[in-house]
Amino acid sequence: MKLILGKCVITILLLCIVQGLVYAQEGPSETEPNNTRDEATVIRSLMIIGEVGSGDDMSDWYQLDVLGGDEFSLMLSFDEIECQIAVEIYDDDEMIEVMDRGRSPDDVDVEIDGDCFVRVYSIMGFGYYTIEVEQEDVEINTPVRTRDDEEDEEDEDVEEDDYRTGDCEGPDESEPNNNISHATVIDGDRIEGRICGDEVDWFLLEDREDSDLSVTLTYDDDECDIDLEILSDNDVEDVLDSVYSPDSTDVSIDGICYINVFAYDGDGPYTITIEDTEPDSDRDDDRAADDRWDDECEGADEDEPNDSRSRANTITEESFDGIICEDDEDWFTFDFGRNTSDYYTVVLHHDDDDADLDIEVFSDREEVGSLMGVSSPDEEEFEIEDDLFIRVYSYSGNAEYWVEVYPSDGDTIRSSGDCEGPSENEPNDELTDADVISGLTIRGYACEDDIDFFLLAGQEGYHPTITLYYNDNLCDIDCLVWSLDEVAGELDSVSSPDSDNFHLPEIGILAVFAYSGEGDYTIEIEP
């Protein structure tokens with residue numbers, strides 16, 4: 001029964017990976033593929049948020065079905081450092097305007113007689129863009145709105161909006177709040193909401209003009225991946241797009257503060273907390289009061305706080321160092337991590353007597369593997385199809401570390417059916433083929449329908465503590481323990497590490513297998 005369930009889980013994981021690759025080129029307002037005019041996403045709101053320039057997604061098409069009149073203005077915003085984005089505007093089949101000056105923000109006034117189509121395309125790079133539509137009789141930014149106004153709007157729209165089910169509504173939101181003109185007004189410091197499907201939630205923070213804020217997003221990162229944008233008027237000030245929860249950032253707001261929440265993957269509830277902070281110029285004086293700013297937690301190549309993906313330090317060399325303290329994590333990205341190589345080798349060095357440090361490796365937002373540095377150095381090769389991100393964190397202890405990242409040839413990337421780890425000689429799938437282990441560390445690889453047998457030489461008569469490590473974001477690996485032909489116990493936790501003490505009066509035997517997924521594992525034995 002367990003192996004059958006494992007196959008089901010593997011199928012689901014593969015579907016999630018495929019879905020994640022699609023979403024990686026999709027913004028919250030668009031439905032991919034919208035790469036041609038015939039596939040244009042129909043937009044019924046006054047704002048479009050999309051992503052373009054990644055992979056084969058070089059062009060996004062939209063049909064604007066929101067216009068109440070034939071004259072309107074269109075404003076384009078994007079990150080000029082990351083990309084250069086252009087827009088073509090069509091009246092039926094005729095292109096009437098082009099925005100390709102490479103500046104952000106950029107705006108244009110147009111007059112439309114027929115159906116309005118918009119094509120967004122990348123001139124250089126890739127990234128998010130925002131397009132806002134404004135007419136004389138439609139107010140995009142509504143600084144003063146009351147909850148009574150929202151209740152009246154709900155009564156009018158309740159039969160028209162599919163999101164009015166309640167399943168997509170949190171305690172602090174009034175659906176539909178799916179565009180900036182219907183933003184829910186928030187006068188407190190806490191927001192609770194829920195994201196479903198392709199829905200987005202907009203909030204307007206009252207009385208937050210000309211303020212410095214700390215915004216924290218919390219959600220169940222086992223169930224979903226939720227992002228948010230913080231806007232001052234119509235300008236995006238910051239984005240929280242970490243794959244881990246909670247994630248936080250500090251922003252300075254000049255105009256009206258909006259928050260746009262959307263799901264990168266999955267759906268579920270979320271909480272946003274907002275705190276007033278001091279301006280950046282004053283915050284430097286208080287660095288000693290924040291453990292994140294403590295020099296003991298900052299290495300030569302890192303600028304704290306780099307504790308989330310959105311604050312990742314950019315590394316230009318093939319090696320860097322840092323320091324991990326308790327509850328600290330360090331994020332890095334690389335300017336050579338795109339379009340220079342398909343494969344990279346990552347090596348982690350640290351004092352494994354003082355700490356147990358781990359690394360997770362991402363291709364853009366997709367985790368492609370990890371290093372469980374129970375011994376140093378730890379090394380592995382990874383296939384990287386997009387921007388390379390690395391997260392360094394401590395499983396236990398505090399330590400300095402040194403990481404090498406360099407392009408490689410892909411020779412050690414495990415191909416389908418290759419289930420052999422450094423400590424094993426395949427096939428070791430039967431007890432008669434078991435690998436004899438005389439040391440205290442085993443490093444293997446578990447694949448579907450694969451079982452790894454090991455004989456523990458020299459552990460008979462002892463009560464060893466056996467600890468199993470694996471990446472529980474990629475797989476679920478179990479270990480059965482025998483003393484000759486007597487069952488001594490098992491390690492079958494759904495999280496890593498898993499550890500227990502076993503009595504082995506006779507020769508110890510281990511059987512390791514993947515309950516779901518596949519991946520590297522490490523077993524440590526302490527007599």
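Here, residue 1 is the first one in the sequence, and each next residue gets the next number.
Between the side chains of D452 and Y521, at least one donor N or O lies within less than 3.5 Å of an accepting N or O. If you check the side chains of S214 and D250, you find a donor sitting under 3.5 Å from an acceptor. In the model, Y401 has a side-chain atom that pairs as donor or acceptor with a side-chain atom of D330 under 3.5 Å. Under 3.5 Å, the side chains of T130 and S77 contain no donor-acceptor pair of N or O atoms. A donor-acceptor contact under 3.5 angstrom links the side chains of E367 and N471, judged on distance only. With no hydrogens or angles considered, no side-chain donor-acceptor pair links S59 and N35 at under 3.5 Å.
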TODO: Start with the C-alpha distance between D358 and L371, add both sets of side-chain angles, then the distance that settles side chain to side chain contact (heavy atoms under 4.5 Å, CB included), and finish with yes or no.
DONE: CA-CA 6 Å; D358 297 345; L371 296 177; over 6 Å; no
Open item on the list: Between I442 and T522, does the side chain to side chain contact (heavy atoms under 4.5 Å, CB included) criterion hold? Intermediate values first, please.
Closed with: CA-CA 6 Å; I442 303 172; T522 299; over 6 Å; no
Open item on the list: Between F502 and Y462, is the side chain to side chain contact (heavy atoms under 4.5 Å, CB included) condition met? List the steps.
Closed with: CA-CA 8 Å; F502 301 91; Y462 288 87; over 6 Å; no
Open item on the list: Pair E298, D303 - check side chain to side chain contact (heavy atoms under 4.5 Å, CB included), show working.
Closed with: CA-CA 7 Å; E298 185 172 350; D303 296 320; 3.9 Å; yes
- [ ] Show the numbers, then the answer: is there a side chain to side chain donor-acceptor pair (under 3.5 Å) between D238 and T249?
- [x] CA-CA 8 Å; D238 205 348; T249 188; 2.4 Å; yes
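Nearest approach of A511 to W482, heavy atoms of both residues: CB-CZ3, 3.5 Å. Across I123 and A86, no two heavy atoms sit closer than the pair CD1-CB, 3.7 Å. The heavy-atom pair separating D301 from S319 by the smallest distance is OD2-O, 4.3 Å. Residues Y344 and S408 share a closest heavy-atom pair of C-OG, 3.5 Å. Considering all non-hydrogen atoms of both residues, T216 and S248 come closest at OG1-CB, 3.2 Å. Among all heavy-atom pairs drawn from I195 and A263, the shortest one is CG2-CB, 3.3 Å.
Side-chain contact between T345 and V405 is absent, with no heavy atoms from C-beta onward closer than 4.5 Å. Using a 4.5 Å heavy-atom threshold, the side chains of L440 and P527 count as touching. You'll find the side chain of D409 reaches within 4.5 Å of the side chain of E381, heavy atoms only. Side-chain contact between H463 and H503 is present, with heavy atoms from C-beta onward closer than 4.5 Å. Looking at heavy atoms from C-beta onward, I466 lies in side-chain contact with I523 at the 4.5 angstrom threshold. For the pair P497 and Y469, the minimum side-chain heavy-atom distance is below 4.5 Å. At a threshold of 4.5 Å between non-hydrogen side-chain atoms, the residues Y270 and D201 count as touching. At least one side-chain heavy atom of L231 sits under 4.5 Å from a side-chain heavy atom of W202.
In terms of modelled atom types and a separation under 3.5 Å, the side chain of E32 and the main chain of N34 share a donor-acceptor contact. In this structure, the side chain of D321 engages the main chain of A300 through a donor-acceptor pair within 3.5 Å. The backbone N or O of E51 lies less than 3.5 Å from a partner atom in the side chain of E30, making a donor-acceptor pair. Although no hydrogens or angles enter the test, the distance criterion places no donor-acceptor pair under 3.5 Å between the side chain of T314 and the main chain of T333. The closest donor-acceptor contact from the side chain of D247 to the backbone of L240 lies at 3.5 Å or more, if one exists at all. Listed for the H350 side chain is no donor-acceptor partner under 3.5 Å among the backbone atoms of W402. Between the side chain of T41 and the backbone N or O of T31 there is at least one donor-acceptor pair closer than 3.5 Å. With N313 contributing its side chain and N306 its backbone, the two residues share no donor-acceptor pair below 3.5 Å. A side-chain donor-acceptor contact under 3.5 Å links E302 to the backbone of I323. Checked by atom type and distance alone, the side chain of E424 pairs as donor or acceptor with a backbone atom of G421 at under 3.5 Å.
Checking each of D433, V512, I509, D429 against F453 for a side chain to side chain contact (heavy atoms under 4.5 Å, CB included) leaves exactly one that passes, namely I509. Of the residues I274, V215, T271, L228, the one that meets the side chain to side chain contact (heavy atoms under 4.5 Å, CB included) test with I191 is I274. For the salt bridge (Lys or Arg N to Asp or Glu O under 4.0 Å) with R443, the qualifying choice from D435, D520, D378 is D378, the only one to do so. Just one of I259, I230, V251 meets the side chain to side chain contact (heavy atoms under 4.5 Å, CB included) condition when paired with L213; it is V251.
Of the inter-residue distances, the one linking L510 atom CG with L480 atom CG reads 9.5 Å to the nearest 0.5 angstrom. Between D476 atom CG and S493 atom OG the span is 7.5 Å, to the nearest 0.5 Å. Rounding to the nearest 0.5 Å places CD1 of I507 at 8.5 Å from OG of S483. For the atom pair L456 CG and I525 CD1, the distance stands at 4.5 Å (nearest 0.5 Å).
Surrounding CD of E400 are at most 12 heavy atoms belonging to other residues, nucleotides or ligands under 6.0 Å away.
By the 4.0 Å N-to-carboxylate-O rule, R391 lies close enough to E329 to be salt-bridged with it. Salt bridge annotation for R37-E39: absent, with no cationic side-chain nitrogen under 4.0 angstrom from a carboxylate oxygen.
With sequence neighbours excluded, the residues that form a ring pair (Phe, Tyr, Trp, His ring centres under 6.0 Å) with F332 are F320.
Sorted pairs that involve residues 422-450 and meet ring-ring contact (aromatic ring centres under 6.0 Å, His included), not counting sequence neighbours, are lacking altogether.
Cation-pi contact between R119 and Y121: present, with separation from the ring centre below 6.0 Å and deviation from the ring axis of at most 45°.
In this structure, W331 has its ring center under 6.0 Å from that of F362.
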